[in-house]
Amino acid sequence: MLAKLICDRCGAQARHDEGDGLNNFLQLGFDAGWGSFLGDGTRVDIDLCHSCLKETLGPWLRLSTSAWASAPAPEA
């Protein structure tokens, strides 16, 4: 299990066992394709806190309600 994340932009840290835990972080990883300006077959990884995600990519993020957030609560 992942115990801690560190934002690659601002250095904010989140631990699995504290506060919101790792909920307010984005982990992005992908392999660049052939002919990519990132380099053929290059692995790209970044960890960003949600504040840095919004500050850097905010104007281009498409935000909508998740299916799980709009689903009715289960009966107890």
Side-chain angles (χ1 to χ4, degrees):
M1 177 191 315
L2 182 66
K4 178 171 77 171
L5 282 173
I6 300 172
C7 178
D8 290 319
R9 182 172 181 257
C10 74
Q13 297 184 26
R15 293 178 48 92
H16 173 68
D17 58 354
E18 293 179 346
D20 286 335
L22 307 176
N23 292 330
N24 292 315
F25 265 78
L26 168 75
Q27 289 186 284
L28 178 65
F30 62 93
D31 296 327
W34 299 113
S36 169
F37 72 91
L38 298 171
D40 292 345
T42 300
R43 179 71 188 168
V44 178
D45 291 290
I46 190 167
D47 299 328
L48 290 174
C49 68
H50 283 186
S51 293
C52 286
L53 175 66
K54 185 175 181 180
E55 286 178 32
T56 57
L57 298 176
W60 302 280
L61 295 174
R62 292 183 298 274
L63 305 176
S64 60
T65 303
S66 297
W68 65 265
S70 60
E75 294 183 27

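For clarity, every value in this text was computed on a predicted model and none was experimentally measured.
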(message) If we check side-chain contact (heavy atoms from CB on, under 4.5 Å) with R9, which of these qualifies: L53, D47, T56?
(response)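 The single option meeting the side-chain contact (heavy atoms from CB on, under 4.5 Å) with R9 is T56.
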- When rounded to the nearest 0.5 angstrom, what distance separates CG in D8 from SG in C49?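 Here the interatomic distance stands at 10.0 Å.
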- Just how far is it from atom CZ of R43 to atom CG of L38, taken to the nearest 0.5 Å?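 Taking CZ in R43 and CG in L38, the distance rounds to 12.0 Å.
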| message | Hydrophobic clustering (ILVMFWY, side-chain heavy atoms < 4.5 Å, transitive) - are I46 and F37 grouped together? | response |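 Result: yes, single cluster for both.
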**Prompt:** Side-chain heavy atoms under 4.5 angstrom apart, residues restricted to Ile, Leu, Val, Met, Phe, Trp, Tyr: same cluster for V44 and L48?
**Reply:**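 As far as the 4.5 Å side-chain criterion goes, L48 and V44 are connected within one cluster.
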Over all heavy atoms of both residues, which pair between [X] and [Y] is shortest? Give the atoms and the distance, please.
X	Y	answer
C7	F25	N-CE2, 3.4 Å
L26	H50	N-CD2, 4.1 Å
S70	T65	CB-CG2, 3.9 Å

Practice task
May I have the step-by-step check of side chain to side chain contact (heavy atoms under 4.5 Å, CB included) for C10 and S51, ending in yes or no?
Solution key: CA-CA 9 Å; C10 74; S51 293; over 6 Å; no
Sequence neighbours left out, what passes side-chain hydrogen bond (donor to acceptor under 3.5 Å, both in side chains) with D40? Give chain and number order.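 Scan of D40 (side-chain hydrogen bond (donor to acceptor under 3.5 Å, both in side chains), adjacent residues dropped) gives none.
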Point to revise | Set of side chain to side chain contact (heavy atoms under 4.5 Å, CB included) partners for S64, sequence neighbours left out | key: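 Result, side chain to side chain contact (heavy atoms under 4.5 Å, CB included) vs S64: none returned.
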Check your understanding: Checking D31 side chain against G41 main chain: does a donor-acceptor pair fall under 3.5 Å?
Key ->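 Between the backbone of G41 and the side chain of D31 there is no qualifying donor-acceptor contact (under 3.5 Å).
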